Structures are given as C-alpha cells and as structure tokens.
Amino acid sequence: MILEVLSGTMVGEVLSFARRQGYSGLEFLAGVPATVGGAVRMNAGAYGKTFSMFVKKVKLLKEGKIEDYQPRENDWTYRSFRREGIVVSATIGLIRVSPEEIEKNLKEIYFKRKANQPLTERTFGSAFKNPPCCYAGKLIEDCGLKGYRIGGAKVSERHANFIVNFGNAKAQDVLALLRGVQKKVWERFGIMLEPEVKFLGCSL
Ligand SMILES: Cc1cc2nc3c(=O)[nH]c(=O)nc-3n(C[C@H](O)[C@H](O)[C@H](O)COP(=O)(O)OP(=O)(O)OC[C@H]3O[C@@H](n4cnc5c(N)ncnc54)[C@H](O)[C@@H]3O)c2cc1C
C-alpha cells in the first residue's frame, strides 16, 4: 500500500490506520511520539529500522514552492534527513501481512521498550546518538552514571541514555547533566557523545 500522509499526522495514527487495513512496516516506531514531518526530518528509527526505509517521496515547501522529491540514499543519515525545506507530506510504502503478524510485531516492540526504557517517566527520548562503535547508553552506564542527578534531572536508572525529569527540572539542569555525562564519557573512553536531541535557544 502506498500512503501519502500529511506531515502533522502522528506516526501512531498512521500505525493504527495501517494496522486496521492489514499493512505492516512502521511497527518499530510504536510508542515513539512523532509527527510524520518530525519523523522524516529526524529519520526516526529503532531496532535497526529507520523511517527512510519506508519513505518513497516527500513534498517539501521551499522558498514558497512545493517540490515533489524522491529521496536518494545519501539524503538520509543517522537521525537526519538532509534535504532542506518544510516537509508537507510523505508518501510511505507498506506491505500487506496477516493481522496476527502485525500484533506479534507490536507486542515485541512494546515489550522491548517496556523492558529497557523509562516509559512511565518524563523524558525526551535518547539524549545522545549512538557512536559508530557502540551504544551511548552502555558507555554512560559503564561510567557509573545511572542515577547521576543535577537539580530535578537525572540519568535514568533503567536506560542510561535517557534523562528523567523527576521533579521540576530546568533546562539548565538538563544541560548541566548532559555536559557532565559527555565529559565523563570523554575522559573514560575518549569518545565525544553527540546529542541526538535538538536544542532551542541553547546548546551543549
Ligand atoms: C519517550 C520517547 C521515546 C523516543 N524514542 C525514539 C526512538 O525510538 N527513535 C527515534 O528516532 N526517536 C525517538 N524519540 C524522539 C522523537 O520522538 C523523534 O525525534 C521524532 O521524530 C520527533 O518528531 P516530532 O514530530 O516530535 O518533531 P519535533 O521534535 O517537533 O522536531 C524535531 C525536528 O524536526 C523538525 N521538524 C518537525 N516537523 C517538521 C516538518 N514538517 N518539516 C521539516 N522539519 C520538521 C523540527 O524543526 C526539529 O528540528 C523519542 C522521544 C521520546 C519522548
């Protein structure tokens, strides 16, 4: 099935629609809070799959004009779509499978996330990108930083690449914590973690 979806649509809505129609593909993004536009720009991904694998075409608004664009492989990188412009819609290709298979995929993803991520706490998703060698969360954990806190922000005890707002964390608390984590990982492993999260009005 080929679906053109407007950029403000939540990926979860696309998933529910596809599930009802018996089409599969985006289950890996179950539980990821994203609009279609945000998922394109961030090349949202999980468990070895990325949004780019399903996007056939995007409509981009650039300098007052709408362009139909067929992304090439090198437009996509880890958590980024490089082509400029505002995403107006994305055309997504999904495949028909049995309802049982979709349910199985969704359950698998749900249990994986539940086992490893602080789903019931206030976070902004992964703080740092995984460097080419390994998982950012493992590096942070190996520095003994689970539970490390500044103000109202702490490194999750469940998954070290998540920052939890456990009280009234200020942006400054989160930034200080991220800087502290980055510094410790650099000192211990010589790896400079790059933020995955985007900053507005501040930077690391
Ligand atoms: C609990 C939790 C779990 C998460 N898990 C994952 C995960 O497993 N994998 C993953 O990849 N991410 C994950 N995230 C991060 C987040 O969900 C993704 O980055 C998502 O793609 C962001 O979508 P958004 O619509 O919220 O975009 P925003 O956060 O609003 O924006 C992200 C960027 O995209 C740009 N943008 C947004 N809409 C458009 C548009 N229409 N056109 C052009 N640019 C646009 C913004 O300017 C910004 O630069 C998680 C977040 C949370 C809170």
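Note that ligands are numbered from 1 as they come in the structure, with each ligand's atoms numbered from 1 the same way. As the structure is a computational prediction, the values presented were derived from the model and not from experiment.
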Visitor: Using a strict threshold of under 4.0 Å (side-chain N to carboxylate O), is an ion pair present between Glu103 and Arg19?
Guide: yes
Visitor: Does a salt bridge link Glu187 with Lys183, judged by any charged N lying under 4.0 Å from a carboxylate O?
Guide: yes
Visitor: Is there a donor-acceptor contact under 3.5 Å from the side chain of Asp75 to the main chain of Arg83?
Guide: no
Visitor: For the atom pair CG (Leu94) and OG (Ser24), what is the distance rounded to the nearest 0.5 Å?
Guide: 7.5 Å
Visitor: Can you tell me which residues line ligand 1 if we count any heavy atom under 4.0 angstrom from one of its atoms, in chain and number order?
Guide: Ser7, Val32, Pro33, Ala34, Thr35, Gly37, Gly38, Ala39, Arg41, Met42, Ala44, Gly45, Ala46, Arg79, Gly85, Ile86, Val87, Arg113, Thr123, Phe124, Gly125, Lys198
Visitor: Cation-pi between Lys62 and Tyr69: NZ/CZ under 6.0 Å from ring centre and within 45° of the ring axis?
Guide: no
Visitor: Through direct or indirect side-chain contacts below 4.5 angstrom among Ile, Leu, Val, Met, Phe, Trp and Tyr, which residues connect to Leu119?
Guide: none
